[in-house]
Amino acid sequence: MEGEPPAAEQSSSSDELLSPVTKKRKQVRVWVDGCFDMVHYGHANALRQAKKMGDYLIVGVHSDDDLRKHKGPPVMNEDERYKMVRAIKWVDEVVEGAPYVTHLDVMDEHNCDFCAHGDDITTCGDGSDPYEGVKKAGRYKEYKRTSGVSTTDLVGRMLLMTKSHLGVKPSDSEEQGSVGGVDSKRLSQITQGSNPRSPYTGVSQFLATSQKIKQFSENNINEPGPNDTVVYTAGAYDLFHAGMVDFLEKCRELGNYIIVGVHNDWDVNHYKGKNYPIMNLQERVLSVLACKYVAEVVIGAPYSISDFLLDHFKVDVVVHGATVIHPDVDGSDPYAVAKRRGIFRLINSGNKLTTDKIVQRIIAHRLDYQQRNSKKEAKELRILEAEKRRLSSNNSELDGIEHT
């Protein structure tokens, strides 16, 4: 019979008949590919869902040249994007420079059973479907796109320079101002306007839930063991980027249980000013939780580190990076207690990328990004309209058949 071992390999010994034969289940290998530009918690959630579809997750990341050809200039270069995807805890392997059009031979090369992608619209530069081949082969599965975040929205927050994403009503000066010579009302239309929107590139409101925190806390070690070295570091962790990944990797050299304190929105705005943080507290927490180097996150961590915090988490080392240490509102040193205990360390990750530099990149290439996002959304709206007409036509035909 097909699927059974040859007769010569079958045994009739009493021991084998009494003991059930345990067959090792085949490892299910999942392929996901994408741009992963300005990686945020939406990307991380996509990869979390994809990993749940199988056992081993391989992520192909497109090159800068492919992105320029099919989508427009990326904000982050390919090396930064490769590093970010590798740091996501659900990713087992990264394939650099994966082709924009997903080929079966590439999936076969990496022994992948199927390709997974979100339920949004993805097209090549010529409007074709990059997943057409794998769909026809029956090796394509979908997961739900994460609502409430998009790269378009993040770019808009940086260019608009308002605090509306923090739940603060923009001031008159913010509403009437401009950034880098681009009128803020025009930017609002691009990112948050009332015109017809694509549900994929358009912006929806992010709602923080306990379920999402629970999902992103998967695989985290609950408590440090007696032989673990606990490292505590705190900051804004805004627009979680490759520089922060390098910093946390350096923290791992000082200990094996990393706790990250994420400051609340008001503390971050106090010491950074302008419209910072770009992402609100809940968004920043999810981004940090997705990092494979992080064991625990303190949500809304106090700006000044206290004896209570150090004792509660049994902290062995407190770490700060190469950025400026701003005094607390009363003028005190936020690391005074850690310094008094002799457990404070300054480390340099060697990576000069900062949130400010990402904002500067966006402003310097603002027109390119606006054009890229506008074209992408227009293309999505055309596809959605065509699909709506097709469904309407099919329904009309069915109605005609029922009435004959």
Side-chain angles (χ1 to χ4, degrees), residues 41 87 89 166 208 210 212-214 216-240 243-273 276-277 279-349 354-355:
Y41 63 90
K89 63 184 175 183
L166 304 178
S210 58
K212 191 62 66 186
I213 294 287
K214 179 181 177 182
F216 271 60
S217 300
E218 291 172 340
N219 305 328
N220 283 20
I221 304 170
N222 291 329
E223 297 286 344
N227 298 320
D228 289 334
T229 300
V230 179
V231 177
Y232 179 80
T233 182
Y237 287 91
D238 197 14
L239 295 177
F240 196 80
M244 296 173 185
V245 170
D246 280 338
F247 172 73
L248 291 172
E249 194 171 12
K250 284 286 186 182
C251 288
R252 281 294 295 268
E253 295 177 5
L254 298 176
N256 58 344
Y257 191 95
I258 310 301
I259 300 176
V260 176
V262 181
H263 295 149
N264 66 46
D265 297 336
W266 317 121
D267 280 339
V268 175
N269 187 251
H270 171 74
Y271 64 78
K272 294 210 67 172
Y276 290 108
M279 303 182 85
N280 65 42
L281 175 61
Q282 291 81 10
E283 293 174 312
R284 292 182 285 118
V285 165
L286 291 179
S287 297
V288 175
L289 275 173
C291 180
K292 66 182 181 182
Y293 299 120
V294 177
E296 179 65 288
V297 173
V298 181
I299 303 172
Y303 185 65
S304 287
I305 296 172
S306 65
D307 283 305
F308 173 78
L309 184 146
L310 297 177
D311 292 339
H312 178 78
F313 291 109
K314 300 179 175 62
V315 175
D316 298 295
V317 185
V318 174
V319 178
H320 186 82
T323 56
V324 175
I325 299 176
H326 296 275
D328 207 335
V329 289
D330 61 0
S332 63
D333 181 355
Y335 292 101
V337 172
K339 290 176 179 177
R340 172 170 52 78
R341 292 192 178 196
I343 61 172
F344 179 71
R345 303 285 184 275
L346 280 173
I347 61 174
N348 191 334
S349 69
T354 63
T355 302

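T323 contributes atom OG1, which lies 7.5 Å from atom CD1 of I325 (distance to the nearest 0.5 angstrom). Distance CD/E249 to OH/Y293: 3.5 Å, rounded to 0.5 Å. To the nearest 0.5 Å, the span separating CZ on R252 from OG1 on T229 amounts to 11.0 Å. Within the model, atoms CD1 of I343 and CG of L310 stand 4.5 Å from one another, a figure rounded to the nearest 0.5 Å.
Taking the side chain as every heavy atom from C-beta outward, V315 and I305 never approach each other to under 4.5 Å. The closest side-chain heavy-atom distance from Y232 to V298 is below 4.5 Å. Residues L289 and Y41 have side chains not in contact (no heavy-atom distance under 4.5 Å, counting atoms from C-beta outward). Counting heavy atoms from C-beta outward, R341 and V318 have side chains that stay 4.5 Å or more apart. Taking the side chain as every heavy atom from C-beta outward, H270 and Y303 never approach each other to under 4.5 Å.
The closest donor-acceptor contact from the side chain of H326 to the backbone of V329 lies at 3.5 Å or more, if one exists at all. Counting only distance, with no hydrogens or angles, the side chain of K89 and the backbone of F216 share a donor-acceptor pair below 3.5 Å. Judged by distance alone, the side chain of R345 and the main-chain N or O of C251 form no donor-acceptor pair under 3.5 Å. Side-chain N or O atoms of T355 include one that pairs as donor or acceptor with a backbone N or O of D238 at under 3.5 Å. Side chain of D333 to backbone of Y335: a donor-acceptor contact under 3.5 angstrom is found.
In this model, no donor atom of one side chain and acceptor atom of the other lie less than 3.5 Å apart for N280 and D265. One side chain, S304 or D328, offers a donor N or O that lies under 3.5 Å from an acceptor on the other.
The minimum heavy-atom distance between V337 and D307, with the atom names listed, is CG1-OD1, 3.2 Å. The shortest heavy-atom contact between P334 and P327 is CD-CA, 4.2 Å. The shortest heavy-atom contact between L281 and G300 is CD1-N, 3.8 Å. Contact detail for T233 and Y237: the closest heavy-atom pair is CG2-OH, 3.4 Å. Closest approach of V230 and K314 over heavy atoms only: CB-O, 3.5 Å. Considering every non-hydrogen atom in both S332 and D330, the closest pair reads OG-OD1, 2.6 Å.
Between H263 and Y271, the distance separating the two ring centers is shorter than 6.0 angstrom.
Between V297 and the options V288, I258, L286, a side-chain contact (heavy atoms from CB on, under 4.5 Å) holds for only V288.
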